[in-house]
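In what follows, a single structure is set out as structure tokens and then discussed.
Everything quoted here is computed from the prediction, not taken from an experiment.
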Amino acid sequence: MALGALIIQSEFQYADTEVVNQIRENPYLQYFVGLPSYKDEKPFDASSMVHFRKRLSSEILIEINELILKPIEDGADDSQADDNDNSDDNDASGSKNEGTLILDATCAPSEIKFPQDTELLNECREKLEGIIDEICEANHLPKPRTYRKIARRDYLNIARKKKKSGKQIRKAIGKQLNYIRRDLGYIDAFMEQGYTLGPKQVDLLGTLRKLYEQQLYMHTSRTHKVQDRIVSISQPFIRPIVRGKAKNPVEFGAKLDMSITNGYARIEKISFDAYNESECLIVAVERYKERMGVYPERVLADKIYRNRTNLSYCKELGIRLSGPSLGRPKKDHKIDKKQEYTDNCDRVEVERGFSLAKRKYGLRLIRTRLEETSLCVIALSILTMNLSKVSLRIFLTFIQWMSFPRIEPLMKP
């Protein structure tokens, strides 16, 4: 029921409440989630969808995706083996490379406001003031002087300006850092006196303290780069992903590597931390070998995958890695334009998969708030996309079987 409800939500892009209402009204959806008969009642509460996303992690969904695709690939392997019964002993042993592996990376952006240092610091200051107020109200203490009205006015002076100079932004950031430093000092003094915080407040305070340290480091060193930079207080696990695209050079969300084999997609790696996608090529090829029993004949990927390590690895195994060779081209070097054109046309399939997953299955904007649920939604979008292709293949096979002339009728009179 949990998996079926999540597949329905990914297929139709319903909200949690709408998923429950649709299952209640539709007998086909009730049959899909495993109910024995139709009932005009809610099978579960809408809040259970969050628990479903926590229960079915991205690792479990990736494993389910493999279980779905394994019978299809085994059937394709059996048909190829029947066609090649009269081949040589070397071919029968599986030493010859077969098939194509298409590999590429993309980003699944999360629904957060575009981060600006002044806005992040203002939000950090307001949350620290809220923690101070809760401590004072719970323990009947007088509130310390936080200068919140002056701090709010200083923030609005820079936020309302249409054109801000670098000097004005730096001055506003310095003021907010001073307010935050004072608030953190008050909280540390309360904790030294024996006053405690709740578990949620402890986690929030750790995030705010780390944000203050990062912003202070960038302010003093006059740089805009810091390791594990926090861009959202409510979702501190999100990192900026530099993609180099013309429209969005930097995206904020999870980065994933996806491979395409025989038209079906798989997630090779997924992480909120930025990484070099060239590291995934060897792992993806070895997984292809485990599934198919042979190495791929060619690997279609971007130029970033063509480093010396990957090139030497593919050369040892007899795998052709698409793209130009490294270094300066030789004088007598001839480019096979036909082969290059074919590789470029075939590599479009992974871009088509990204486009379909983002337009139809919710990969364009992740709206969940937790790290594990966000990874679940990303893995679920790829799983649902493969399920739609499998169901279409079964439907076309059924139509072909119905249109084929049969010798005997299905039922005798």
Side-chain angles (χ1 to χ4, degrees), residues 109-138 141-191 195 197 200-243 245-253 274 365 367 369:
S110 299
E111 189 182 24
I112 64 171
K113 188 177 182 180
F114 189 85
Q116 294 183 356
D117 293 339
T118 53
E119 293 185 3
L120 285 174
L121 291 174
N122 179 69
E123 184 181 359
C124 176
R125 177 189 57 81
E126 291 177 350
K127 290 186 178 298
L128 288 174
E129 292 170 355
I131 295 176
I132 294 173
D133 294 342
E134 291 179 4
I135 294 176
C136 295
E137 292 175 0
L141 299 174
K143 295 182 181 180
R145 182 174 294 179
T146 57
Y147 300 94
R148 61 186 68 191
K149 292 184 179 180
I150 300 176
R152 177 66 178 176
R153 185 185 60 192
D154 293 339
Y155 164 70
L156 292 178
N157 288 337
I158 189 67
R160 290 173 177 174
K161 290 184 179 180
K162 294 183 179 179
K163 295 183 180 180
K164 312 175 188 66
S165 64
K167 185 179 296 185
Q168 293 173 344
I169 295 175
R170 178 175 174 80
K171 184 177 179 181
I173 290 175
K175 289 183 178 180
Q176 295 297 323
L177 287 173
N178 291 330
Y179 296 131
I180 293 173
R181 177 179 53 81
R182 181 185 290 108
D183 294 341
L184 288 174
Y186 290 145
I187 295 175
D188 292 338
F190 285 139
M191 296 181 68
Y195 300 107
L197 301 176
K200 291 185 178 180
Q201 290 180 333
V202 172
D203 296 339
L204 177 60
L205 181 60
T207 301
L208 300 178
R209 195 183 298 275
K210 185 177 180 181
L211 174 64
Y212 168 73
E213 293 173 355
Q214 290 179 352
Q215 294 291 334
L216 181 62
Y217 169 77
M218 290 188 293
H219 183 74
T220 54
S221 59
R222 294 179 178 270
T223 182
H224 297 284
K225 294 182 181 179
V226 67
Q227 188 177 4
D228 296 333
R229 183 173 181 176
I230 295 177
V231 294
S232 175
I233 296 178
S234 60
Q235 302 179 63
F237 52 88
I238 295 177
R239 298 288 179 265
I241 306 296
V242 180
R243 296 293 298 155
K245 304 296 182 181
K247 184 179 180 181
N248 296 320
V250 180
E251 294 178 317
F252 305 94
L365 191 63
R367 293 184 171 89
R369 309 297 295 177

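Across Q214 and R229, no two heavy atoms sit closer than the pair OE1-CA, 3.5 Å. The two residues R367 and E111 come nearest to each other via the heavy atoms CG-OE1, 3.2 Å. The two residues L120 and P115 make their nearest non-hydrogen contact at CD1-CB, 4.2 Å. Residues P142 and C136 come closest through the heavy atom pair O-SG, 3.8 Å. V231 and P240 get closest at one heavy-atom pair: CG1-CD, 3.9 Å. Minimum interatomic distance between S221 and T223 (heavy atoms only, all atoms of both residues): OG-CG2, 3.1 Å.
We find the NZ-OG distance between K171 and S165 to be 10.0 Å, quoted to the nearest 0.5 Å. Taking OH of Y186 as the start and CD1 of I131 as the end, the distance is 15.5 Å to the nearest 0.5 Å. Here the CD1 atom belonging to I158 is positioned 10.0 Å from the CD atom belonging to Q116, to the nearest 0.5 angstrom. Interatomic distance, OH of Y147 versus NZ of K175, reported as 14.5 Å (0.5 Å rounding). L205 contributes atom CG, which lies 11.0 Å from atom CG of D183 (distance to the nearest 0.5 angstrom). Taking OG1 of T118 as the start and CD1 of I169 as the end, the distance is 7.0 Å to the nearest 0.5 Å.
For the residue pair Q176/R125, the side-chain donor-acceptor check at 3.5 Å is satisfied.
In this structure the side chain of K245 never reaches within 4.5 angstrom of the side chain of E251, judged on heavy atoms.
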Under the criterion side-chain contact (heavy atoms from CB on, under 4.5 Å), I'd like the reasoning laid out for K143 against I132: C-alpha separation, chi angles, the key distance, then a yes or no.
CA-CA 8 Å; K143 295 182 181 180; I132 294 173; 5.7 Å; no
Evaluate side-chain contact (heavy atoms from CB on, under 4.5 Å) for Y212 paired with L128, printing each intermediate quantity in order.
CA-CA 11 Å; Y212 168 73; L128 288 174; over 6 Å; no
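For K113, the NZ atom sits in a loose shell: 12 or fewer heavy atoms of surrounding residues, nucleotides or ligands are nearer than 6.0 Å.
Partner Y179 forms a side-chain hydrogen bond (donor to acceptor under 3.5 Å, both in side chains) with one of D154, N122, T146 and no other, that one being D154.
In terms of modelled atom types and a separation under 3.5 Å, the side chain of R148 and the main chain of R145 share no donor-acceptor contact. Between the side chain of Q215 and the backbone N or O of I173, no donor-acceptor pair lies under 3.5 Å. Of the possible polar contacts, none joining the Q235 side chain to the I112 backbone as a donor-acceptor pair under 3.5 Å is found.
With respect to D188 and R209, a salt bridge is recorded, a charged nitrogen being found less than 4.0 Å from a carboxylate O.
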